[in-house]
Amino acid sequence: MAEKQQNNIKSIILQLGIVLFIVVGYFLIDFNKIYQSLKGEAKFITQSSQCDLHKSSCTIKIQDGTIFTLDVEPKTIPLMKPLKFTIKSNNADLKNLALNIYATNMAMGEFYLPVKNLGNGNYEAIGTLPTCPLGKMEWNADIRIEKATENIGARFQFKTD
């Protein structure tokens with residue numbers, strides 16, 4: 001009987017240990033980071049070098065057939081003034097759409113602009129780019145689609161004075 005009681009105590013301790021491990025793991029492990037690392041880096045398609053956002057909108061067709069057309073207003077793309085990024089797509093109801101803007105020739109920070117779905121494949125983001133005393137900044141505007149197994153997107157490039 002004492003042996004049975006001892007086995008019950010060992011079983012209870014083992015069960016409590018497993019539950020404690022699961023609870024501690026839940027709070028200490030960043031499962032989203034693990035999930036994102038399994039998906040890998042985003043794969044971007046870059047606009048044609050002939051396209052200039054200062055003159056017209058630019059269009060990119062990404063890996064899954066989604067088409068993005070990006071337009072920036074005002075066309076001068078001024079720094080320290082509000083900019084409107086208009087996105088048109090052949091996909092009218094994109095979920096998890098993100099616009100990330102960052103400088104490529106100097107660390108100016110990253111700007112994640114919230115994208116608003118206007119309906120019928122029209123999206124909009126508004127933001128302001130910081131000024132730099134050196135000038136001639138080169139920027140990337142990445143439109144990213146997060147899918148269950150991968151991240152894909154379009155990369156638009158432009159310069160500011």
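Side chains are part of it too, since the values below use all heavy atoms of this structure and drop only hydrogens, waters and symmetry mates. Just so you know, residue 1 is the first one in the sequence shown, and it goes up from there.
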Straight-line distance of [X] [atom1] to [Y] [atom2], nearest 0.5 Å:
X      : Y      : atom1 : atom2 : result
Phe156 : Ile45  : CZ    : CD1   : 11.0 Å
Lys75  : Lys55  : NZ    : NZ    : 12.0 Å
Asn122 : Lys116 : CG    : NZ    : 12.0 Å
Tyr102 : Glu138 : OH    : CD    : 12.0 Å
Gln47  : Ser57  : CD    : OG    : 10.5 Å
Thr76  : Lys81  : OG1   : NZ    : 7.5 Å

**Message:** Under a 3.5 Å distance rule, please check whether Tyr112 uses its side chain to pair with a backbone N or O of Ile101 as donor and acceptor.
**Reply:** no
**Message:** Please check this pair: side chain of Asn140 against backbone of Asp142, looking for a donor-acceptor N/O pair closer than 3.5 Å.
**Reply:**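 Not confirmed, Asn140 side chain does not pair with Asp142 backbone.
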**Asked** Between Phe85 and Phe158, what is the ring plane arrangement, given parallel below 30°, perpendicular above 60°, and tilted in between?
**Response**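 Geometry flag for Phe158 against Phe85: tilted rings.
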**Asked** Where do Ile67 and Ile60 land on the side chain to side chain contact (heavy atoms under 4.5 Å, CB included) test, with the steps shown first?
**Response** CA-CA 6 Å; Ile67 297 171; Ile60 297 174; over 6 Å; no
Any chain of hydrophobic side-chain contacts (each under 4.5 Å) joining [X] to [Y]?
X     : Y      : result
Ile77 : Met106 : yes
Phe44 : Leu70  : no
Leu14 : Ile22  : yes

**Request:** Evaluate the side chain to side chain contact (heavy atoms under 4.5 Å, CB included) criterion for residues Gln157 and Thr46: first the C-alpha distance (whole Å), next the side-chain angles of each, then the deciding distance (0.1 Å), finally the verdict.
**Result:** CA-CA 8 Å; Gln157 299 174 324; Thr46 305; 3.6 Å; yes
**Request:** Establish, from distance only, whether the side-chain atoms of Asp64 and Thr66 form a donor-acceptor pair under 3.5 Å.
**Result:** yes
Of the non-hydrogen atoms in [X] and [Y], which two are nearest, and what is the gap between them?
X      : Y      : answer
Met108 : Pro130 : CE-CG, 3.7 Å
Lys84  : Glu124 : CD-OE1, 3.1 Å
Leu83  : Pro78  : CD2-CD, 3.5 Å
Gly127 : Leu113 : CA-CD2, 3.8 Å
Leu94  : Ser89  : CD1-OG, 3.9 Å
Met137 : Asn105 : CE-OD1, 3.2 Å

**Message:** Does atom NZ (Lys61) have a neighbourhood of more than 12 heavy atoms from anything else shown, all under 6.0 Å?
**Reply:** no
Are [X] and [Y] close enough that some pair of their side-chain heavy atoms sits under 4.5 Å apart?
X      : Y      : value
Ile87  : Thr69  : no
Leu118 : Asn120 : no
Leu53  : Trp139 : no
Glu110 : Asn100 : yes

